[in-house]
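Written out below as structure tokens is the structure these notes cover.
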Amino acid sequence: MTNRIFIIAHAPLAHALRQCALHVFPDCGNGVAALDVQPNVSPDETLASARIILNEHRTGGTLVLTDVFGATPCNVAQRLVDGVRSRIVTGVNLPMLLRTVTYRHEALDALVSRAVVGGTQGVMQVAVTAPQNQARKKHDPDDHHHQQ
């Protein structure tokens with residue numbers, strides 16, 4: 001059984017993330033849904049739209065990914081999920097989404113763990129190295145660029 005992934009985020013993030021997932025996994029279209037929360041739409045209207053999307057093609061569980069805890073997308077998701085057949089993870093990023101798409105066939109509890117690990121492991125500081133084929137400036141002891 002395959003779980004669905006439902007992204008609820010501030011516009012245009014949800015659909016942009018879905019497009020990125022489709023770029024990497026072209027066959028995941030039916031398994032990944034998105035709802036962009038518009039600034040001029042009430043939370044109740046957004047919840048109604050989310051319920052329609054959640055109930056489309058419902059087989060297995062649904063992992064709802066939202067962008068910011070405490071913001072409207074997360075608040076809508078909290079009213080949407082039941083904690084049994086659907087769960088929420090907030091702080092969605094592309095590594096998190098790609099990890100969940102990769103493992104969407106696993107049990108929902110395992111998928112939640114994979115989402116959190118994928119999201120956190122995808123955030124790191126990257127060391128910057130000198131671009132290839134670019135000469136570095138040699139230190140000139142007579143070159144004084146500091147203030148006195």
Side-chain angles (χ1 to χ4, degrees), residues 1-137 145-147:
M1 184 175 349
T2 299
N3 295 297
R4 286 188 71 212
I5 298 151
F6 184 14
I7 309 160
I8 304 175
H10 292 89
L13 183 59
H15 277 90
L17 284 169
R18 183 177 185 276
Q19 287 303 114
C20 290
L22 287 168
H23 176 81
V24 178
F25 299 102
D27 63 334
C28 77
N30 289 337
V32 179
L35 177 64
D36 285 316
V37 176
Q38 302 295 330
N40 57 343
V41 177
S42 74
D44 288 333
E45 289 177 82
T46 302
L47 178 61
S49 298
R51 282 194 174 122
I52 291 168
I53 294 169
L54 181 67
N55 291 322
E56 290 175 356
H57 314 292
R58 185 144 191 184
T59 59
T62 301
L63 177 58
V64 179
L65 303 176
T66 68
D67 52 1
V68 180
F69 178 76
T72 301
C74 184
N75 294 339
V76 166
Q78 286 179 295
R79 293 172 58 192
L80 182 69
V81 303
D82 62 13
V84 178
R85 291 185 57 197
S86 53
R87 306 276 172 73
I88 305 169
V89 174
T90 190
V92 67
N93 58 30
L94 188 55
M96 177 189 291
L97 177 58
L98 295 179
R99 182 75 57 98
T100 59
V101 171
T102 300
Y103 295 101
R104 67 186 182 270
H105 62 279
E106 291 186 358
L108 192 54
D109 287 336
L111 190 59
V112 168
S113 295
R114 295 245 191 219
V116 172
V117 169
T120 55
Q121 286 180 346
V123 177
M124 65 188 83
Q125 180 179 355
V126 178
V128 178
T129 59
Q132 288 182 318
N133 303 322
Q134 182 176 346
R136 287 189 164 191
K137 183 179 177 183
H145 290 288
H146 61 276
Q147 294 182 358

Could you tell me whether the side chain of Arg4 and the main chain of Val64 form a donor-acceptor pair under 3.5 Å? no
Hey, does Ile88 have a side-chain heavy atom less than 4.5 Å from the side chain of Thr66? yes
Would you indicate whether the side-chain heavy atoms of Gln121 and Pro95 approach each other to under 4.5 Å? no
Chi angles and distances behind the side-chain contact (heavy atoms from CB on, under 4.5 Å) call for Ile7, Leu35: CA-CA 6 Å; Ile7 309 160; Leu35 177 64; over 6 Å; no
Distance-only check: which donor-acceptor pairs under 3.5 Å involve side-chain atoms of residues 11-25, not counting sequence neighbours?
from: His15; atom 1: ND1; to: Asp36; atom 2: OD2; distance (Å): 2.6
from: Arg18; atom 1: NE; to: Val32; atom 2: O; distance (Å): 2.6
from: Arg18; atom 1: NH2; to: Gly29; atom 2: O; distance (Å): 2.9

Please give me the minimum heavy-atom distance between Leu97 and Thr100, naming the atom from each residue. O-OG1, 2.8 Å
Just verifying a value: how many Å separate Cys28 SG and Ile5 CD1, rounded to the nearest 0.5 Å? 7.5 Å
In chain order, what residues pass the salt bridge (Lys or Arg N to Asp or Glu O under 4.0 Å) check against Arg85, with sequence neighbours excluded? none
Closer than 3.5 angstrom, by distance alone: can the side chain of Asn3 be matched with the main-chain N or O of Gly60 as a donor-acceptor pair? no
Please, which pairs that meet side chain to side chain donor-acceptor pair (under 3.5 Å) have at least one residue in residues 109-118, sequence neighbours excluded? Arg87-Asp109, Glu106-Arg114
Of Thr46, Asn75, Val76, the residue whose pairing with Val37 passes side-chain contact (heavy atoms from CB on, under 4.5 Å): Thr46
Looking only at heavy atoms, which two atoms of Cys74 and Val68 are closest? And how far apart? CB-O, 3.3 Å
Residues Ala71 and His10: closest non-hydrogen pair is CB-CE1, 3.6 Å
Donor-acceptor pair, distance only, cut-off 3.5 Å: does the side chain of Arg104 make one with the backbone of Val101? yes
If I compare all heavy atoms of Thr120 with all of Val117, which pair ends up nearest, and what's the gap? OG1-O, 3.1 Å
Distance-only, no hydrogens or angles: does the Asp67 side chain make a donor-acceptor pair with backbone N or O of Gly91 under 3.5 Å? no
Going by heavy atoms in the side chains, are Leu94 and Leu98 under 4.5 Å from each other? yes
Note, Phe6 side chain near Leu65 side chain (heavy atom, < 4.5 Å): no
